[in-house]
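Side chains are part of it too, since the values below use all heavy atoms of this structure and drop only hydrogens, waters and symmetry mates.
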Amino acid sequence: MARILVLGAGFAGLWAALGAARKRDEIGARAADTEILVVDRNAYHNIRVRNYEVDLGDVALPLKDLLDPVGVRHRVAEVAAIDPARRQVTIKTSAGTEVLSYDRLLLTTGSELVRPAISGLAAHGFDVDTYEAAMRLDAHLAALGKQPPSEARTSVAVVGAGFTGIEVAAEMPAKLAHAGITGDHRVILIDPNPVVGATFGTHGRLVINEALAALGVETRLNVRVSAISSDSITLNSGEIIPTKTVVWCAGMRASPLAASLPARRDALGRIKVDHTMRVEGLADVFAAGDVAACLIDGEHPTVMSCQFARPMGRFAGHNVVADLFGEKLLQLNIDWYVTVLDLGAWGALYTTGWDREVHTTGAAAKLTKQTINQQRIYPPRNGDRAALLAAAAPTIQTAPPTRK
């Protein structure tokens with residue numbers, strides 16, 4: 001029996017597994033006994049891009065509900081090592097260490113938060129990088145809501161004024177209110193760059209700044225964090241901000257497992273893949289999502305986002321099965337790019353193109369963002385095999401429409 005091993009069950013991994021199951025069904029009897037096995041440290045698929053939101057009740061989807069109906073196996077384990085020469089992966093489970101062999105490997109272990117060696121960050125910092133981390137932050141805020149009033153209790157420092165940091169800061173007033181922290185509060189967004197949202201372009205930054213000002217979010221720019229304690233954050237400017245809540249959103253990098261493969265990587269540690277999602281120079285290995293980089297339109301590299309991870313996963317899943325059975329591989333090309341940035345109660349910002357031209361703002365863009373976060377990026381959830389396989393077709397969605 002041939003085995004296709006999918007490492008990771010994020011946006012790329014889930015859709016790769018479903019895409020592989022779809023192609024296996026399409027091939028029919030020749031592929032019927034091919035095992036598709038997903039390995040992830042969690043038994044659920046995290047709608048990771050929603051981890052900053054107030055309500056986390058619908059962001060962890062059990063893998064059994066998504067993979068069992070299409071005949072994909074899944075195991076909870078940590079991936080310890082990859083040996084492409086022997087076509088083996090070492091995993092660690094609660095029962096011990098185990099070695100899994102494969103005929104084709106699909107690496108979709110995503111990205112992780114960059115955590116520099118700053119005094120106090122590990123002990124006192126929070127983040128929304130994972131579902132567990134987001135739940136830990138919410139539990140912390142809920143506990144603060146029961147404490148006596150103090151400046152540190154009602155102040156939140158968000159470090160990193162990129163996409164995630166902006167969304168966390170903009171949502172934080174609502175999260176504080178949800179935790180019972182009412183009345184005066186402070187949300188401070190901190191970044192070493194001279195502007196907030198450095199990659200959003202002049203027009204986009206104007207919108208972001210307007211929204212943050214309306215939400216009462218302060219900024220500290222051109223500064224770095226020197227230290228974090230249980231009740232303060234110290235900046236290299238000398239300023240000490242009383243706070244019991246520091247949310248770290250300062251940068252992402254590819255999963256360290258990318259370094260296990262003898263392949264070219266970019267500055268973010270992502271493996272270079274071609275348009276079929278095959279790892280350059282490795283015949284039996286494919287990669288997709290945040291751990292991989294492809295010049296998706298021939299000029300621009302993919303961005304670490306579900307916008308690219310989901311189609312990369314679908315095509316990778318299709319192609320890994322096609323490759324195993326000697327069929328033609330499909331080329332993935334995406335000729336559009338948008339961003340929809342949540343700006344909390346103010347609304348959202350919808351930009352188009354690689355120059356991020358402003359498309360819509362405010363309430364109209366917020367409706368688009370809600371459609372994306374609550375519908376567009378979700379798999380079918382009724383356990384219907386046909387619906388799951390249909391959703392995994394190797395096709396490119398059109399850009400999300402503006403809703404009014």
Side-chain angles (χ1 to χ4, degrees), residues 10-12 47-53 110-111 113 128-129 158 160-171 189 191 193 195-212 214-215 217 219 249-253 266 268 270 289-290 292-297 299-313 332-378 396-404:
F11 285 111
I47 306 296
R48 188 185 189 189
V49 297
R50 296 190 64 184
N51 286 347
Y52 70 93
E53 294 183 9
S111 58
L113 189 63
V128 295
D129 192 38
V158 180
F163 203 103
T164 302
I166 293 169
E167 291 195 325
V168 169
E171 189 81 348
L189 186 57
D191 198 274
N193 288 298
V195 294
V196 171
T199 64
F200 272 88
T202 302
H203 298 300
R205 287 198 296 270
L206 288 173
V207 175
I208 294 167
N209 288 333
E210 177 187 346
L212 294 180
L215 294 166
V217 175
T219 59
C249 306
M252 303 295 293
R253 65 184 177 194
D266 69 4
L268 297 174
R270 301 184 298 175
D290 287 3
C294 172
L295 292 179
I296 202 63
D297 60 356
E299 181 181 358
H300 299 97
T302 49
V303 175
M304 287 181 171
S305 74
C306 64
Q307 178 179 163
F308 292 108
R310 291 164 63 245
M312 290 172 79
L332 173 63
N333 293 278
I334 302 176
D335 60 2
W336 60 269
Y337 175 57
V338 304
T339 59
V340 188
L341 178 72
D342 199 340
L343 293 169
W346 185 90
L349 167 64
Y350 183 164
T351 70
T352 60
W354 292 96
D355 293 331
R356 292 184 169 173
E357 292 296 320
V358 175
H359 180 54
T360 52
T361 64
K366 183 76 168 188
L367 285 172
T368 302
K369 182 66 171 180
Q370 289 171 335
T371 299
I372 293 169
N373 276 19
Q374 298 171 18
Q375 300 175 30
R376 186 180 173 97
I377 60 178
Y378 274 75
I396 306 299
Q397 285 181 298
T398 57
T402 301
R403 294 189 58 188
K404 296 182 180 179

I want to check something: taking the side chain as every heavy atom from C-beta on, are [X] and [Y] in contact at a cut-off of under 4.5 Å?
X	Y	value
H203	R356	no
E357	T351	no
D342	Q370	no
T164	Y52	no
P400	Y350	yes
N373	I47	no
V207	W346	yes
F308	L332	no

Within the side chain of [X], is there an N or O that forms a donor-acceptor pair under 3.5 Å with the backbone of [Y]?
X	Y	answer
N193	A198	no
K366	G344	yes
R270	D290	no

Mind listing the closest non-hydrogen atom pair of [X] and [Y] along with its distance?
X	Y	result
R253	M304	C-CE, 3.7 Å
A169	L189	CB-CD1, 4.2 Å
P301	W354	O-CH2, 3.6 Å
K369	V340	NZ-O, 2.9 Å
V49	C306	CG1-SG, 4.1 Å
D266	A293	OD2-CB, 3.6 Å

Nearest 0.5 Å please: distance from the [atom1] atom of [X] over to the [atom2] atom of [Y].
X	Y	atom1	atom2	value
T202	D355	OG1	CG	11.0 Å
N51	E171	CG	CD	12.0 Å
L343	E210	CG	CD	9.5 Å
I296	M312	CD1	CE	6.0 Å

(message) Please check if the number of heavy atoms outside H300 that lie under 6.0 Å from its NE2 is greater than 12.
(response) yes
(message) Determine whether E167 and L341 satisfy the following criterion, side-chain contact (heavy atoms from CB on, under 4.5 Å), listing intermediate values before the conclusion.
(response) CA-CA 7 Å; E167 291 195 325; L341 178 72; 3.5 Å; yes
(request) Assess R205 against F200: is NZ or CZ under 6.0 Å from the centre of the six-membered ring, and within 45 degrees of the ring's axis? (result) no
(message) For a quick check under 3.5 Å, do Y337 and D297 share a side-chain donor-acceptor pair by atom type?
(response) no
(request) Assess whether side-chain contact (heavy atoms from CB on, under 4.5 Å) is satisfied between T302 and Q307, documenting all intermediate values. (result) CA-CA 9 Å; T302 49; Q307 178 179 163; over 6 Å; no
(request) I would like to know whether W336 and I396 meet side-chain contact (heavy atoms from CB on, under 4.5 Å); could you show each step before the answer? (result) CA-CA 10 Å; W336 60 269; I396 306 299; 3.9 Å; yes
(request) Let me know which of D191, T219, V168 forms a side chain to side chain contact (heavy atoms under 4.5 Å, CB included) with V158. (result)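 Between V158 and the candidates, side chain to side chain contact (heavy atoms under 4.5 Å, CB included) is satisfied uniquely by V168.
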(message) Test side-chain contact (heavy atoms from CB on, under 4.5 Å) on H359 and V338; report intermediate values, then the result.
(response) CA-CA 9 Å; H359 180 54; V338 304; over 6 Å; no
